[in-house]
Structures are given as C-alpha cells and as structure tokens.
Amino acid sequence: MKRTKIKALLTSTAFGEEVVVKGWVRTKRENKEIAFIALNDGSIITNIQIVVDVANFNETILKQITTGAAISVTGKLIASGGKGQSVEIQATEIEVYGLADPEKYPLQPKEHSLEFLREIAHLRPRTNTFSAILRIRNTMAFGIHKFFNERGFVYLHTPILTASDCEGAGEMFRVTTLDPIKPPLTDVGTVNYKEDFFGRQANLTVSGQLEGELGAMALSEIYTFGPTFRAENSNTARHLAEFWMVEPEIAFADLEDNMNLAEDFLKYLIHEALENCQEDLAFLDQRFTKEESKKKQEDRSEWGLIEKLKIVLENNFERLTYTEAVKILVDSKPNKKGQFKYPISWGTDLQSEHERYLVEKHFKKPVILTNYPREIKSFYMKLDEDGKTVRAMDVLFPGIGEIIGGSQREEDLDKLVMRMKEVGLKEEDLWWYLDTRKFGTCPHSGFGLGFERLILFITGMGNIRDVIPFPRTPQNCEF
RNA sequence: UCUUCCUUAGCUCAGUUGGUUAGAGCACAUGACUGUUAAUCAUGGGGUCCUUGGUUCAAGCCCAAGAGGGAGAGCCA
C-alpha cells in the first residue's frame with residue numbers, strides 16, 4: 001500500500017480509511033493497555049499521533065519503538081479520541097525499519113541548545129526548529145526562482161571555479177591538483193601554476209557578478225543563485241565560508257530601478273514565507289518570543305517575528321544617501337552623548353553600531369543607503385557627477401545589518417579603466433569584462449543578496465550557522 | 001585576527017571562604033497507571049569536574065599554557 005505523508009493526513013477527513021505512514025518516532029507514551037506514538041516525517045512540523053492497543057502487538061516490537069526509530073504504521077485514520085489533535089491513526093500493523101538505541105541517541109525528547117545541535121548537525125534536521133528552518137529555506141529558494149521567472153529574468157549559471165583574482169570581494173580558496181608537498185617550481189623557486197590543472201592559479205568564486213554582467217549585456221535581465229566561497233577568517237554570527245548568493249543584473253537600469261527591484265524582491269519573498277510557511281513560522285514565532293524574553297529589556301525586539309515580517313512587507317523602505325545618513329548620525333543623541341564607540345565622519349564606512357541606530361532606533365524599518373564615497377566601494381560602481389561618490393546601495397535590515405549590496409555599474413570604459421588603475425587592477429586580467437564596455441556598453445545595475453541572511457531574518461534565528469544545513473566556518477568542516 | 005565570557009553526568013546547569021563520600025532537573029532503565037500530549041508517580045544506574053603543568057597538608061574551586069565553544073568587533077553578503 002502506498003504511503004501517505006503526514007501533512008496530507010492531518011487535513012484529511014477520510015475517517016475509517018486504511019492508511020500507511022512512515023516516519024521517525026518523536027516520543028512514545030505508554031501505559032498498561034494503550035500507547036501513543038508521536039510520529040514525524042518532515043512533511044510538516046506537526047506530528048501525527050499513532051494509537052496502539054498494547055494487547056494487539058507483541059512486546060518486542062513495542063520495545064523497539066523508541067525516540068528516533070524509523071517505523072512504518074498501517075492503520076485506520078480516525079477522529080481523535082483525545083484533546084490536542086483532530087485526527088490520529090489507530091494502528092493495526094507496525095514495522096520497525098531502524099532502531100535508535102535510547103541510551104545513545106543524542107536527540108532526547110527535550111529542548112537542546114543550538115550549540116549542542118551544531119555538534120550533531122547530521123541529526124538536527126530531525127528537530128522541530130531545524131526542520132522548520134529547512135522547509136522555509138526551501139520555500140525561499142523556490143520563491144527566488146519564481147520571482148525572477150515571473151519577470152522574465154534568465155537564470156544564468158556562473159562558474160564556481162574561476163581564475164579571476166581581481167574582484168577584491170575577499171580572500172579566496174585556492175583550487176589546485178598539484179602535489180602539496182612537492183609542487184613543481186619555476187626557475188625563481190615559486191610554485192609553477194603553469195603545470196596546474198588549468199595552467200594557471202584557480203580559486204573558488206567569491207561572486208558571480210562579473211560573469212553576471214556579461215550575461216545581462218546579452219539577455220537583458222539575468223540572475224545567478226549559487227554557492228559562494230570566502231576564505232576570510234571571520235568568526236561572527238553573520239558570516240560563513242560557504243554561503244549562497246543571489247545576484248540579479250539588469251541592463252538599461254539605473255540605481256533607482258535597482259532599488260525598486262531589491263525592495264520588490266525582498267517583499268515578495270517575505271510574502272511567500274507568510275503565505276506558504278504558516279505552521280513553521282508560527283512555531284518559530286513562539287520560539288523567537290521565548291528567546292527574546294531571555295534578553296535584557298533594552299536588547300529585546302519590539303515586535304514578534306511574524307509582526308516584524310508584516311511591518312517590512314507593509315512599509316516602504318527608507319531611502320537616503322550616505323551623506324544624509326552621516327548628518328543624521330552626527331546630530332543623533334547617542335553621538336552627542338558620546339555613546340558611539342567609533343566616531344562618525346564623512347568618508348569612512350559606517351560601523352555596525354551606526355547602521356543599527358539608523359535601522360532599529362531612528363527609522364524603525366529597512367533602510368537603503370546610497371551614494372557612498374568612492375574610496376570605500378568597489379571599482380565597478382558608477383561614479384556620480386561630483387566625482388566623490390558612487391551609485392552604490394546597501395539595504396540594511398533590523399538585526400541583520402547589510403542584507404543586500406548593489407550598485408549601478410560604471411559603463412564608461414575610460415572611467416572604469418581609471419578606477420581599476422586606482423585600486424591596482426590590471427586591464428589584461430579583466431580584458432573580457434572590459435570588452436562589455438567596448439562593444440555595446442549600456443547603463444546597467446545589479447545587487448547581491450546573502451541568502452542565509454535573508455533566512456536569518458525570516459526565521460528569527462540569531463546565528464547564520466543555524467540556517468544552513470551544514471555550516472562551513474573557520475576551523476569547522478565537519479559533515 | 002582582536003576583545004571578552006564559558007568548559008562539572010547523555011543534555012541544561014548548581015557547586016559557598018580551597019576541606020575529606022561532587023549535586024539538581026531533564027533524559028535513560030525498572031515498576032505502577034484505561035486516552036496520553038515534552039504524560040504523571042515511585043525506585044535505580046550513570047562522573048577523565050576540557051587537557052597539561054604549577055601553588056598547597058589539601059584543588060571542581062587559585063595560577064600558567066594549550067584545546068574547544070559562545071558573544072561582540074573588524075572584513076563583508
């Protein structure tokens with residue numbers, strides 16, 4: 001008989017029908033004559049209750065049904081005879097696929113710390129919190145494709161292996177097939193990468209943007225969505241060595257088009273989550289409230305998780321220039337009282353505390369900062385008329401900080417080459433990139449969204465290591 | 001990479017001024033119980049107090065170094 005997923009059974013009213021469910025045991029409660037098994041198969045956060053008349057089953061089978069065991073249950077779908085659920089299954093037959101020794105199975109029917117669960121990342125998808133996060137992550141990934149597909153964007157597969165060392169987005173992971181102990185050497189004693197697999201140094205990509213621009217200059221609107229790698233030694237709750245990034249690139253678009261796309265995009269995804277992940281969000285909302293209540297009053301979020309999502313959905317993002325933001329910060333109370341650790345002055349990058357003040361205290365909603373000083377931004381960003389600032393934009397979210405970074409690109413060949421010289425990039429290394437400015441150049445814009453940071457915001461989790469199945473961070477590549 | 005905090009039972013954590021036999025809750029095992037909701041009640045088993053070295057009559061507790069983890073910062077998405 002065909003197995004039915006628990007998600008379908010919980011809303012079914014086909015009482016009296018025989019069904020088969022398969023899943024993993026969460027808990028078993030037993031007395032002399034009747035036992036209750038809470039079974040979960042990952043299709044939905046809610047368990048289905050299996051009712052077992054102890055007399056009808058042999059004792060050894062019942063003993064094998066412990067927390068974590070994989071079982072198959074055949075039985076009748078019935079209206080529940082107890083409170084707490086509307087349907088349950090009266091079991092007629094139970095098969096145990098896999099035991100889980102209760103003395104050794106690490107997931108006990110109790111709350112675990114996230115730090116402990118990180119050490120058993122191979123089993124944590126079996127918890128409510130992580131299954132909820134992973135289902136939401138799936139919905140968001142699907143939503144990204146939906147959003148762009150509805151708007152005629154082409155999904156462009158940019159390479160993961162790359163030889164360009166020029167973007168300056170961060171430290172790179174080197175990829176090589178050379179013998180690490182005895183690599184071939186050049187005459188001057190350095191490693192001879194001409195003998196390496198690609199005949200030159202290769203790395204894992206830190207961004208698909210440059211290749212994305214190549215695509216946009218032919219297909220008009222493209223996006224990339226894939227893993228990205230940064231070998232930065234950053235140990236924070238917001239950074240991973242391997243993370244997923246979404247990078248749309250649009251031809252014939254200026255910074256304002258770019259901001260509109262970014263705002264529409266984020267709102268679309270939040271709407272998708274609210275529409276399609278109600279049970280999981282309700283669970284995470286409760287969790288969020290509980291976590292917040294443990295914090296000090298002044299650090300607590302003013303809103304619940306779902307409330308927060310709705311506020312972002314219903315309000316326009318505040319758009320202002322870097323220069324205006326600096327003015328607000330200079331005039332702010334914490335600055336006048338000397339409460340900022342870092343001084344504010346035009347020309348330096350804003351610190352986390354400054355961004356947080358703007359988003360969480362001053363505007364109390366997402367903020368898009370634009371037109372940053374050229375010195376603190378990348379070479380490919382379009383120079384403003386004053387020559388001092390560039391058409392960059394950062395979307396700042398409460399609790400997350402920068403969730404999107406983007407810009408209108410410099411389409412003028414001479415200005416782009418000038419900027420490359422300023423930052424020490426060689427023209428010959430990026431000859432293919434510069435060709436787009438030589439042949440049919442046009443205004444174009446794009447941005448990058450850190451996928452895990454979006455998931456952090458939507459799930460209300462505090463550490464980025466908990467919103468990716470298998471996190472890669474410095475000193476940690478387990479699983 | 002920097003600052004700071006933490007490491008005691010499977011998990012979460014107490015452990016006083018350094019004092020002789022290291023505790024709790026949960027989990028687990030056994031028993032009781034006719035519908036439970038992380039069931040309840042009773043009983044029981046379970047310890048390299050992160051590692052190494054030092055101070056001391058005596059170290060879970062004090063000192064030093066190391067390992068692992070958290071939070072904040074920098075870099076960024």
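All values below were derived from every heavy atom in this structure, side-chain atoms included, with hydrogens, water molecules and symmetry-related copies excluded. Chain A is the first sequence line, chain B the second, and so forth, proteins listed ahead of strands; every chain is numbered from 1.
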query = How would you list, by chain and number, every residue that makes a ring pair (Phe, Tyr, Trp, His ring centres under 6.0 Å) with H271(A), sequence neighbours excluded?
reply = none

request  = Identify whether any heavy atom of I403(A) sits under 4.0 Å from a base atom; if not, whether one sits that close to sugar-phosphate; answer base, sugar-phosphate or nothing.
outcome  = sugar-phosphate

task = Would you kindly give the CD-to-C1' distance between E59(A) and rA29(B), to the nearest whole Å?
result = 14 Å

request  = Please state how far atom CD1 in I376(A) lies from atom C1' in rG74(B), giving the value in whole angstrom units.
outcome  = 15 Å

query = Within less than 4.0 Å of OP1 or OP2 of rC75(B), is there a side-chain N or O belonging to R238(A)?
reply = no

message = Quick check on rU1(B): is either OP1 or OP2 less than 4.0 Å from any side-chain nitrogen or oxygen of N233(A)?
response = yes

request  = May I ask you to check whether over 12 heavy atoms, not counting those of Q339(A), lie within 6.0 Å of atom CD?
outcome  = yes

ask   = Ignoring hydrogens and angles, does a donor from either the side chain of E115(A) or the base of rG69(B) sit under 3.5 Å from an acceptor on the other?
value = no

ask   = If you measure from the P atom in rA71(B) to the same atom in rC28(B), how many Å do you get, rounded?
value = 29 Å

query = Rounded to the nearest Å, what distance is computed from the CG atom of residue N235(A) to the C1' atom of nucleotide rG74(B)?
reply = 11 Å

ask   = What is the nucleic acid contact for P102(A), judged by heavy atoms within less than 4.0 Å: base, sugar-phosphate only, or nothing?
value = sugar-phosphate

ask   = Contact class for Q49(A) vs. all strands (heavy atom < 4.0 Å): base, sugar-phosphate, or nothing?
value = base

task = Assign E452(A) to base, sugar-phosphate, or nothing according to its heavy-atom contacts below 4.0 angstrom with the strands shown.
result = nothing

message = Please give the distance between the P atoms of rA65(B) and rU4(B) as a whole number of Å.
response = 13 Å

key: Euclidean distance, atom CD of residue E33(A) to atom P of rC33(B) [Å, nearest integer]   = 9 Å

ask   = Which residues satisfy the side-chain contact (heavy atoms from CB on, under 4.5 Å) test with Q286(A), sequence neighbours excluded?
value = none

request  = Decide if atom CD of E17(A) counts as having more than 12 heavy atoms of other residues, nucleotides or ligands within a radius under 6.0 Å.
outcome  = no

query = Between rC75(B) atom P and D394(A) atom CG, what is the distance in whole Å?
reply = 12 Å

query = Looking at F283(A), is R287(A) sitting on its ring face, NZ or CZ under 6.0 Å from the six-membered ring centre and within 45 degrees of the normal?
reply = no

request  = Find the distance E232(A):CD to rC75(B):C1' and express it as a whole number of Å.
outcome  = 5 Å

task = Report yes if a side-chain nitrogen or oxygen of K341(A) is closer than 4.0 Å to either non-bridging phosphate oxygen (OP1 or OP2) of rC2(B); otherwise report no.
result = no

ask   = Touch check for E88(A), heavy atoms < 4.0 angstrom, all strands: base, sugar-phosphate only, or nothing?
value = base

Interatomic distance at C1', rU21(B) relative to rU12(B), whole Å = 25 Å

Watson-Crick or G-U wobble partner of rU51(B), both distances under 3.5 Å = rA65(B)

query = Given atom CZ of R29(A) and atom P of rA27(B), what is their separation to the nearest angstrom?
reply = 12 Å

ask   = Is there a side-chain polar atom (N or O) of K32(A) under 4.0 Å from OP1 or OP2 of rU34(B)?
value = no

query = When only distance counts, do a donor and an acceptor, one from the side chain of E30(A) and one from the base of rU36(B), lie under 3.5 Å apart?
reply = no

request  = Can you tell me, in whole Å, how much space there is between the P of rU51(B) and that of rG10(B)?
outcome  = 14 Å

request  = Have a look at F447(A) and say if it touches a base, only the backbone sugar-phosphate, or nothing, with a 4.0 Å heavy-atom cut-off.
outcome  = nothing

request  = Nearest-nucleotide wise, let me know which of G462(A) and T236(A) is further upstream toward the 5' end of RNA chain B.
outcome  = G462(A)

ask   = Counting any heavy atom closer than 4.0 Å, what does K28(A) reach on the DNA or RNA strands: base, sugar-phosphate only, or nothing?
value = nothing

query = Between the side chains of S131(A) and R135(A), is a donor N or O closer than 3.5 angstrom to an acceptor N or O?
reply = yes

task = Rounded to whole angstrom, note down the P distance from rG66(B) over to rC2(B).
result = 11 Å

query = OP1, OP2 of rG35(B) versus side-chain N and O of N31(A): anything below 4.0 Å?
reply = yes

inquiry  = Using atom P in both nucleotides, what's the gap between rU56(B) and rA14(B) to the nearest angstrom?
reply    = 31 Å

ask   = Looking only at atom C1', what distance separates rU36(B) and rG45(B), rounded to whole Å?
value = 27 Å

inquiry  = With a 3.5 Å limit on both atom pairs, tell me what rC28(B) is paired to, counting Watson-Crick and G-U wobble, or say none.
reply    = rG44(B)

request  = Write down the distance between NE2 (H239(A)) and P (rA73(B)), rounded to a whole number of angstrom.
outcome  = 10 Å

query = Using the P atom in both, what is the distance from rA9(B) to rC13(B), to the nearest Å?
reply = 11 Å

query = Is rU3(B) paired to anything, Watson-Crick or G-U wobble with both distances less than 3.5 Å, and if yes, which nucleotide?
reply = rA71(B)

remark   = Applying the 3.5 Å cut-off to both distances, the Watson-Crick or G-U partner of rC13(B) turns out to be rG23(B)

key: Pair E213(A)-H444(A), side-chain donor/acceptor within less than 3.5 Å   = yes

inquiry  = If the cut-off is 4.0 Å, is S352(A) near the phosphate of rG74(B), judged by side-chain N/O to OP1 or OP2?
reply    = yes

key: 5' priority, RNA chain B, between G405(A) and P474(A) [closest heavy atom]   = P474(A)

ask   = Within the pair Q351(A) and rG74(B), is there a side-chain N or O less than 4.0 Å away from OP1 or OP2?
value = yes

task = Consider the side chain of Q90(A), meaning its heavy atoms from C-beta on, and name the nucleotide among rC11(B), rA27(B), rG35(B) that approaches it most closely.
result = rG35(B)

query = More than 12 heavy atoms of other residues, nucleotides or ligands under 6.0 Å from CZ of R356(A): is that the case?
reply = no

key: N/O (side chain, R465(A)) to phosphate O (OP1/OP2, rG69(B)) under 4.0 Å   = no

task = Establish, with yes or no, whether the OP1 or OP2 oxygen of rC76(B) is under 4.0 angstrom from a side-chain nitrogen or oxygen of S234(A).
result = no

key: Base rG46(B) to side chain E103(A), donor-acceptor N/O within 3.5 Å cut-off   = no

ask   = Looking at rC76(B), rG35(B), rA27(B), which one has an atom nearest to any side-chain atom of Q108(A)?
value = rA27(B)

request  = Report which part of the nucleic acid F116(A) touches: base, sugar-phosphate, or nothing (heavy-atom distance under 4.0 Å, all strands).
outcome  = sugar-phosphate

Short side-chain donor-acceptor distance under 3.5 Å, R391(A) and N258(A) = no

task = Write down the partner of rG18(B) under the Watson-Crick or G-U wobble criteria, each distance required to be under 3.5 Å.
result = none

